[in-house]
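Structure record follows, encoded as C-alpha cells.
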Amino acid sequence: MPSLRSRALSAALVATGRRRRFATAEAVRATVAQAARRPASHLPPRSLGRVAEVSRTFVGAWPVYDVAPLGQEPVARVLYVHGGAFINELVRPHWSLIRTLVTRARARVVVPAYVLAPRGTADRTVPVATDLLSGLIASGGAGGTVLLGDSAGAGMALAAAQRLRERTGAQPSRIVLISPWLDVSMSHPGQAAIEAADPVLARPGLAEAGRLYAGTLTADDPRVSPLHGSFAGLAPLTVFTGTRDVLTTDSRELLRRAREAGGEVEWHEEPGLPHGYPLLPVPEGRAARDRIVELVRATADEE
C-alpha cells in the first residue's frame with residue numbers, strides 16, 4: 001500500500017491535468033515548438049553553490065556540469081543523465097537528486113545538458129554520452145563510477161553502457177535506472193491497462209516524443225530503444241519502478257532479459273507509485289534516494 005503522502009500526490013497530479021502534456025502527439029509537438037521559441041533553462045539553482053563546487057564545460061554543443069563536494073575530495077563518480085521524454089531540460093527535482101548525491105554520497109556528479117529532440121537524435125546523443133561515460137571511468141581518483149539515469153535519460157544511459165561494452169568492454173561499477181524508458185515504440189500489450197491509472201504519462205505523446213528522438217533510425221534500433229540491445233556483459237543493474245507507471249513494462253522486460261543474459265539485477269517495484277517516484281517528496285522516494293546513496297558510497301573503495 002502506498003503511503004498517504006504518495007496517494008495524495010498522485011491525486012494532485014491527476015487533478016492538475018499533468019498527463020495532458022502527453023495526451024496527444026499534437027501536445028508534444030506544441031511543447032517542442034514552444035521550447036524552440038523560448039528555450040527553458042537548464043542552469044542549476046543558485047543554492048547548489050552553497051554546498052558544492054559547480055563548473056561547466058562544453059562537449060561539442062553540450063553544456064556539461066561538474067558538481068563536486070565543497071571543500072572535500074569526492075569518494076566516487078556519477079554520470080547522471082536526466083529524464084524529460086528527450087524534449088525537456090533539467091528541472092529542480094533533478095538538481096535536488098544531484099545535491100543529495102554530492103552532499104550525502106560525497107560524489108562528483110557529471111551532468112550533461114544534452115541537446116534535446118528533435119535536434120538531438122539518438123544517433124547523435126548516444127555516442128556523446130558514451131564518450132562521457134568512458135572518460136569518467138578513465139579519469140581516475142578515488143572510488144568507482146556509477147551510471148545513473150531517470151526516464152528517457154535512463155534509456156540513453158543504458159544505450160551508452162551497451163555501446164561502451166561493444167567498443168572496449170569497459171563498464172561502470174553499477175548502472176542505476178529510475179523509471180527507465182527503454183522502448184520508444186510504446187507497443188507493449190500490457191501498457192494499456194496501466195495507462196488508465198498513470199497520473200503522469202500517456203502513450204500517444206510518448207510515442208511522438210520517441211519518434212522525434214529516433215530521427216532517421218527505427219524505433220527498435222538499440223541506440224533508440226536499448227531494450228532491443230544485448231544485456232550480456234553489462235555492469236550490475238539497479239532498477240526502480242512503480243506500478244502506476246505506464247513504462248513499468250519496460251522495467252519488467254529489462255529484468256527478464258538481463259537475468260536471461262546472466263546479469264545481476266537489484267529490483268525495486270513499488271505498488272501504487274507513479275513514474276519517477278524516487279525523485280518525488282514522498283516516503284518511498286526518500287527510501288529510494290537513500291538506497292541510491294548507499295550504492296554510490298559502496299563504490300568508494302574501488303579504484
Side-chain angles (χ1 to χ4, degrees), residues 19 21-33 35-36 81-88 112 114-130 147 149-167 175 177-196 198 200-232 234 237 239 241 245-258 260-261 263 275-276:
R19 198 169 69 165
R21 300 173 306 155
F22 294 102
T24 64
E26 291 75 16
V28 164
R29 288 196 290 270
T31 296
V32 171
V81 190
H82 73 88
F86 303 113
I87 59 172
N88 294 296
Y114 52 84
V115 176
L116 302 175
R119 287 197 305 126
T121 50
D123 60 331
R124 297 173 179 175
T125 59
V126 172
V128 182
T130 306
L147 175 60
D150 73 277
S151 192
M156 193 186 300
L158 183 59
Q162 290 172 336
R163 186 178 179 93
L164 183 59
R165 175 206 56 207
E166 291 160 6
R167 274 191 195 172
I175 302 168
L177 305 177
I178 297 172
S179 301
W181 187 16
L182 306 175
D183 183 354
V184 304
S185 73
M186 302 303 298
S187 59
H188 192 285
Q191 290 178 336
I194 301 171
E195 182 181 33
D198 190 322
V200 179
L201 299 177
R203 288 178 294 164
L206 286 176
E208 177 64 10
R211 184 187 70 80
L212 295 175
Y213 177 62
T216 59
L217 301 177
T218 60
D220 61 356
D221 188 298
R223 289 168 290 180
V224 179
S225 298
L227 196 60
H228 297 284
S230 168
F231 287 87
L234 294 179
L237 290 153
V239 181
T241 189
D245 179 359
V246 70
L247 298 179
T248 198
T249 54
D250 286 9
S251 294
R252 292 169 181 167
E253 283 294 314
L254 176 151
L255 177 66
R256 180 180 67 81
R257 297 184 191 193
E260 283 181 353
H275 182 74

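Numbering of residues begins at 1 and proceeds along the displayed sequence.
- Between the CG atom in Asn88 and the CZ atom in Arg21 there is a gap of 6.5 Å [rounded to 0.5 Å].
- Applying the salt bridge (Lys or Arg N to Asp or Glu O under 4.0 Å) definition to pairs two or more places apart or across chains, those involving residues 221-231 are Asp221-Arg223.
- The CH2 atom of Trp181 sits 10.5 Å away from the CE atom of Met156 when rounded to the nearest 0.5 Å.
- Residues Ser251 and Pro180 meet the side-chain proximity criterion, which asks for heavy atoms closer than 4.5 Å.
- With sequence neighbours excluded, no residue satisfies salt bridge (Lys or Arg N to Asp or Glu O under 4.0 Å) with Glu166.
- Ser225 places none of its side-chain heavy atoms less than 4.5 Å from the side chain of Asp220.
- Proximity of Leu201 to Asp245: side-chain heavy atoms (C-beta onward) are separated by under 4.5 Å at one or more points.
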Q: Check step by step if side-chain contact (heavy atoms from CB on, under 4.5 Å) holds for Phe86 and Val184.
A: CA-CA 11 Å; Phe86 303 113; Val184 304; 4.2 Å; yes
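- Separating the OG atom in Ser185 from the CG atom in Leu206 is a distance of 11.0 Å, to the nearest 0.5 Å.
- Every residue meeting the ring-ring contact (aromatic ring centres under 6.0 Å, His included) condition with His82, not counting sequence neighbours, appears here in chain and number order: His94, Tyr114.
- In this structure, Asp150 contributes its side chain and Ile178 its backbone to no donor-acceptor pair below 3.5 Å.
- Contact detail for Ala157 and Leu147: the closest heavy-atom pair is O-CD2, 3.3 Å.
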Q: Output, in order, the C-alpha distance, side-chain angles, deciding distance and verdict of side-chain contact (heavy atoms from CB on, under 4.5 Å) for Asp250 and Thr241.
A: CA-CA 9 Å; Asp250 286 9; Thr241 189; over 6 Å; no
Q | Step-by-step side-chain contact (heavy atoms from CB on, under 4.5 Å) determination, Asp183 to Thr249 | A | CA-CA 10 Å; Asp183 183 354; Thr249 54; over 6 Å; no
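- Looking at Leu217 and Thr121, their side chains never come closer than 4.5 Å, going by heavy atoms from C-beta outward.
- Rounded to the nearest 0.5 angstrom, Leu116 CG and Ile87 CD1 are separated by 8.5 Å.
- Taking all atoms of both residues into account, the shortest heavy-atom contact from Pro127 to Ala122 is CD-O, 3.8 Å.
- Interatomic distance, Arg256 CZ to Leu227 CG, rounded to the nearest 0.5 Å: 8.5 Å.
- Summarising the local packing, CZ of Arg167 is surrounded by more than 12 heavy atoms from other residues, nucleotides or ligands at distances under 6.0 Å.
- Using a 4.5 Å cut-off on side-chain heavy atoms (C-beta onward), Leu247 and Asp198 make no contact.
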Q.
Using salt bridge (charged side-chain N to carboxylate O under 4.0 Å, His left out), reason through Arg29 and Glu26 one step at a time and then give a plain yes or no.
A. CA-CA 5 Å; Arg29 288 196 290 270; Glu26 291 75 16; 3.2 Å; yes
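- Of the possible polar contacts, one joining the Thr31 side chain to the Ala27 backbone as a donor-acceptor pair under 3.5 Å is found.
- For Gln162, the side-chain hydrogen bond (donor to acceptor under 3.5 Å, both in side chains) criterion is met by no residue, not counting sequence neighbours.
- Closest approach of His228 and Ala219 over heavy atoms only: CD2-O, 4.4 Å.
- Shown here for Leu254 and Phe231, the closest heavy-atom pair between the two residues is CG-CE2, 3.9 Å.
- Take Arg165 and apply the salt bridge (Lys or Arg N to Asp or Glu O under 4.0 Å) test, not counting sequence neighbours, and it matches no residue.
- Residues Val246 and Met186 form a side-chain contact, since some pair of their non-hydrogen atoms from C-beta on lies under 4.5 Å apart.
- Looking at every heavy atom in both residues, Thr218 comes nearest to Val224 through O-CG2, 3.7 Å.
- Between Gly149 and Ala154, the shortest heavy-atom distance links the atoms O-CB, 3.4 Å.
- Taking Ala202 as the reference, Arg19, Phe22, Glu195, Pro204 meet the side-chain contact (heavy atoms from CB on, under 4.5 Å) condition, with sequence neighbours excluded.
- Side-chain contact between His275 and Thr248: absent, with no pair of heavy atoms (C-beta onward) separated by less than 4.5 Å.
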